[in-house]
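Worksheet for the structure shown next.
Residue numbers start from 1 in every chain, and the chains themselves are labelled A, B, ... in the order their sequence lines are given, proteins ahead of strands.
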Number of protein chains: 2
Amino acid sequence: MKNNLFTIGRLSEQTGCVVQTIRYYERIGLLPEPDRSPRGHRLYNEDILNRLKFILRTRQLGFNIEERRTFLELVDGGKYTCHKIRQKTLLHAQEIKRKIRDLKKMERELLKMTDQCNDGSGTDCSILATLFRN
Amino acid sequence: MKNNLFTIGRLSEQTGCVVQTIRYYERIGLLPEPDRSPRGHRLYNEDILNRLKFILRTRQLGFNIEERRTFLELVDGGKYTCHKIRQKTLLHAQEIKRKIRDLKKMERELLKMTDQCNDGSGTDCSILATLFRN
DNA sequence: GCTTGCAGCTATAGTTACTATAGCATGTAT
DNA sequence: ATACATGCTATAGTAACTATAGCTGCAAGC
């Protein structure tokens, strides 16, 4: 049951990643150029499937393309250390923490504005007043 | 002290918005085309200064260009109601809440991975193991 | 035998919200 | 005279895809 090849449509189904994105990842070098059928269709194997799944998990965790690329290079080269990867991951977690803080601030300010709003049908809106304050 | 005109550099200083962005906002219609000096330099007044400040505040609150445009149209047309603006703002706050939830989930997962990591110099990294799990 | 539909292909453009660059004109300071 | 600062326009670049146009080739239905 190993060693069977499948098309890009099957890879897309297996991973939930749309076809264009798969080809995009190949173009930018995250995925290798796969074998082709006589008709020129891409043929994938389990290795590439797993590699794509790896990429998609790092994507879901908010790593950008270059960060994903670095992870892959570390893995490919086998020259990573646990420490290096942990540092990278912690750094990323900190950035996410900062984003959360910023968004919470936004949320607080938005809710503060709506709190002061009478929600009426008139045109004396305290939200706009706040946005227009000097 | 009113009615004095100033250049784009001054507007930039007053608002903290870089010059290119001001011109960009003009191009996409958020800011009006201002008067020009004999040399063709843009000349701004207090009204445009306040309009730009308004735009920048909505930007800081995470409203995208089209949302900012809608706010401006409501204000320009005078045909807004307090209720409408409140709804718009609350909806936006909800989207931000959702983003915060997603980011918190990311953060938790990242920290969980690093927790299980021995942080050593070896190449048996539990973070990678987690990312590669099937 | 013909058409329709589907899956794949390449190359290219569009998206968001700016940011940066190239190449120009003009005014002021040295 | 020359450098520097500020302004101008038009255009390209950014991130990470997503969508489109126009093509090939296979299989099924009429």
Side-chain angles (χ1 to χ4, degrees), chain A residues 5-45 48 51-52 54-72 92 95-96 99 102-103 106, chain B residues 5-45 48 51-52 54-72 92 95-96 99 102-103 106:
Chain A
L5 302 173
F6 39 89
T7 61
I8 199 168
R10 245 39 61 209
L11 182 61
S12 171
E13 281 169 16
Q14 297 279 314
T15 56
C17 182
V18 300
V19 169
Q20 288 101 317
T21 303
I22 296 173
R23 287 196 282 249
Y24 168 68
Y25 285 163
E26 179 186 326
R27 204 162 62 241
I28 65 172
L30 291 193
L31 289 176
E33 295 186 12
D35 295 339
R36 298 280 184 138
S37 78
R39 283 202 268 147
H41 290 192
R42 289 168 176 80
L43 291 177
Y44 294 99
N45 57 29
I48 303 188
R51 192 182 180 84
L52 179 55
F54 178 88
I55 295 168
L56 295 176
R57 283 192 198 105
T58 55
R59 175 171 81 168
Q60 194 163 11
L61 290 170
F63 290 98
N64 67 24
I65 292 275
E66 284 318 304
E67 290 165 333
R68 292 175 227 170
R69 193 191 300 279
T70 308
F71 272 129
L72 287 167
H92 183 60
E95 276 170 36
I96 288 179
K99 273 187 202 162
D102 290 350
L103 286 175
M106 275 185 206
Chain B
L5 301 174
F6 39 90
T7 62
I8 199 167
R10 246 37 62 207
L11 183 60
S12 172
E13 281 169 15
Q14 295 281 314
T15 57
C17 182
V18 299
V19 168
Q20 289 99 319
T21 303
I22 296 173
R23 286 195 283 249
Y24 167 70
Y25 285 163
E26 178 186 326
R27 205 162 62 241
I28 65 172
L30 291 193
L31 289 177
E33 296 186 13
D35 294 339
R36 299 280 183 135
S37 77
R39 284 203 268 147
H41 290 192
R42 289 168 177 80
L43 292 177
Y44 295 99
N45 56 30
I48 302 188
R51 192 181 180 87
L52 178 55
F54 178 88
I55 294 168
L56 294 176
R57 284 193 196 105
T58 55
R59 174 170 82 168
Q60 194 163 12
L61 290 170
F63 289 98
N64 66 24
I65 292 275
E66 283 320 302
E67 289 165 333
R68 292 175 229 170
R69 193 191 299 279
T70 308
F71 272 128
L72 287 168
H92 183 59
E95 276 170 37
I96 288 179
K99 273 186 202 163
D102 290 349
L103 286 175
M106 276 184 206

Inset, instruction - Determine: side-chain N/O of A:Thr7 to OP1/OP2 of C:dG8, distance under 4.0 Å, yes or no. - result: yes
Legend entry - Approximate separation, where rounding is to 0.5 Å, of A:Met106 CE and A:Asp102 CG: 6.5 Å
Show the distances under 3.5 angstrom between N or O atoms of the protein and N or O atoms of nucleotides 14-16 of chain C.
none

May I have the list of side-chain donor-acceptor pairs in residues 22-34 of chain B shorter than 3.5 Å, sequence neighbours left out?
unit_1  : atom_1 : unit_2  : atom_2 : d
B:Tyr25 : OH     : B:Arg68 : NH1    : 2.9
B:Glu26 : OE1    : B:Arg42 : NE     : 2.7

Inset, instruction - Under the side-chain hydrogen bond (donor to acceptor under 3.5 Å, both in side chains) rule, collect the residues that match up with A:Glu67, sequence neighbours excluded. - result: none
Legend entry - Spatial distance of atom CG (A:Leu43) from atom CD1 (A:Ile48) [nearest 0.5 Å]: 9.5 Å
Legend entry - Under the salt bridge (charged side-chain N to carboxylate O under 4.0 Å, His left out) test, residues paired with B:Arg51 that sit two or more places apart: B:Asp76
Inset, instruction - Under 4.0 Å from any atom of DNA chain D, heavy atoms only: list the residues of residues 34-41 of chain A that qualify, in numerical order. - result: A:Arg39
Legend entry - B:His92 side chain to B:Leu61 backbone, donor-acceptor under 3.5 Å: yes
Inset, instruction - Whole angstrom is fine here: how far is it from CG in B:Leu56 over to P in C:dA17? - result: 14 Å
Legend entry - Bend angle of the helix from C:dG1-D:dC30 to C:dT30-D:dA1, from helix axes over five pairs at each end, nearest 10°: 30°
Inset, instruction - Tell me, please, which residues at least two apart from A:Tyr44 pass ring pair (Phe, Tyr, Trp, His ring centres under 6.0 Å). - result: none
Legend entry - Sugar-phosphate only, base, or nothing, as touched by B:Arg23 at under 4.0 Å among non-hydrogen atoms: base
Inset, instruction - Pick base, sugar-phosphate or nothing for A:Val18, based on heavy-atom distances below 4.0 Å to the nucleic acid. - result: sugar-phosphate
Legend entry - Candidate pair A:Phe6 and A:Leu11, rule side-chain contact (heavy atoms from CB on, under 4.5 Å), full reasoning: CA-CA 7 Å; A:Phe6 39 89; A:Leu11 182 61; 4.0 Å; yes
Inset, instruction - Just jot down the side chain to side chain contact (heavy atoms under 4.5 Å, CB included) partners of B:Glu66, sequence neighbours excluded, or say none. - result: B:Asn64, B:Arg69
Inset, instruction - Check whether any side-chain N or O of A:Arg42 sits under 4.0 Å from OP1 or OP2 of C:dT10, and answer yes or no. - result: yes
Legend entry - Within residues 8-16 of chain B, residues whose heavy atoms come under 4.0 Å of DNA chain D: B:Ile8, B:Gly9, B:Arg10
Inset, instruction - Heavy atoms of chain B, cut-off under 4.0 Å: which first and last nucleotide of DNA chain D, 5' to 3', fall inside that, if you could look? - result: D:dG7 to D:dT9
Inset, instruction - Starting at atom CG of B:Leu31, determine the distance to atom C1' of C:dA17, rounded to an integer number of angstrom. - result: 14 Å
Inset, instruction - May I have the distance from A:Ile22 (atom CD1) to C:dG8 (atom P), rounded to whole angstrom? - result: 9 Å
Legend entry - Summary of side-chain hydrogen bond (donor to acceptor under 3.5 Å, both in side chains) pairs that have at least one residue in residues 12-22 of chain B, sequence neighbours excluded: B:Arg10-B:Glu13
Legend entry - Straight-line distance of B:His41 NE2 to B:Thr7 OG1, nearest 0.5 Å: 9.0 Å
Legend entry - Reported CD-to-OG1 distance for the pair B:Gln60 and B:Thr58, which is rounded to 0.5 angstrom: 10.0 Å
Inset, instruction - Quick one: label B:Phe63 by what it contacts on the DNA or RNA (base, sugar-phosphate, nothing), any heavy atom closer than 4.0 Å. - result: nothing
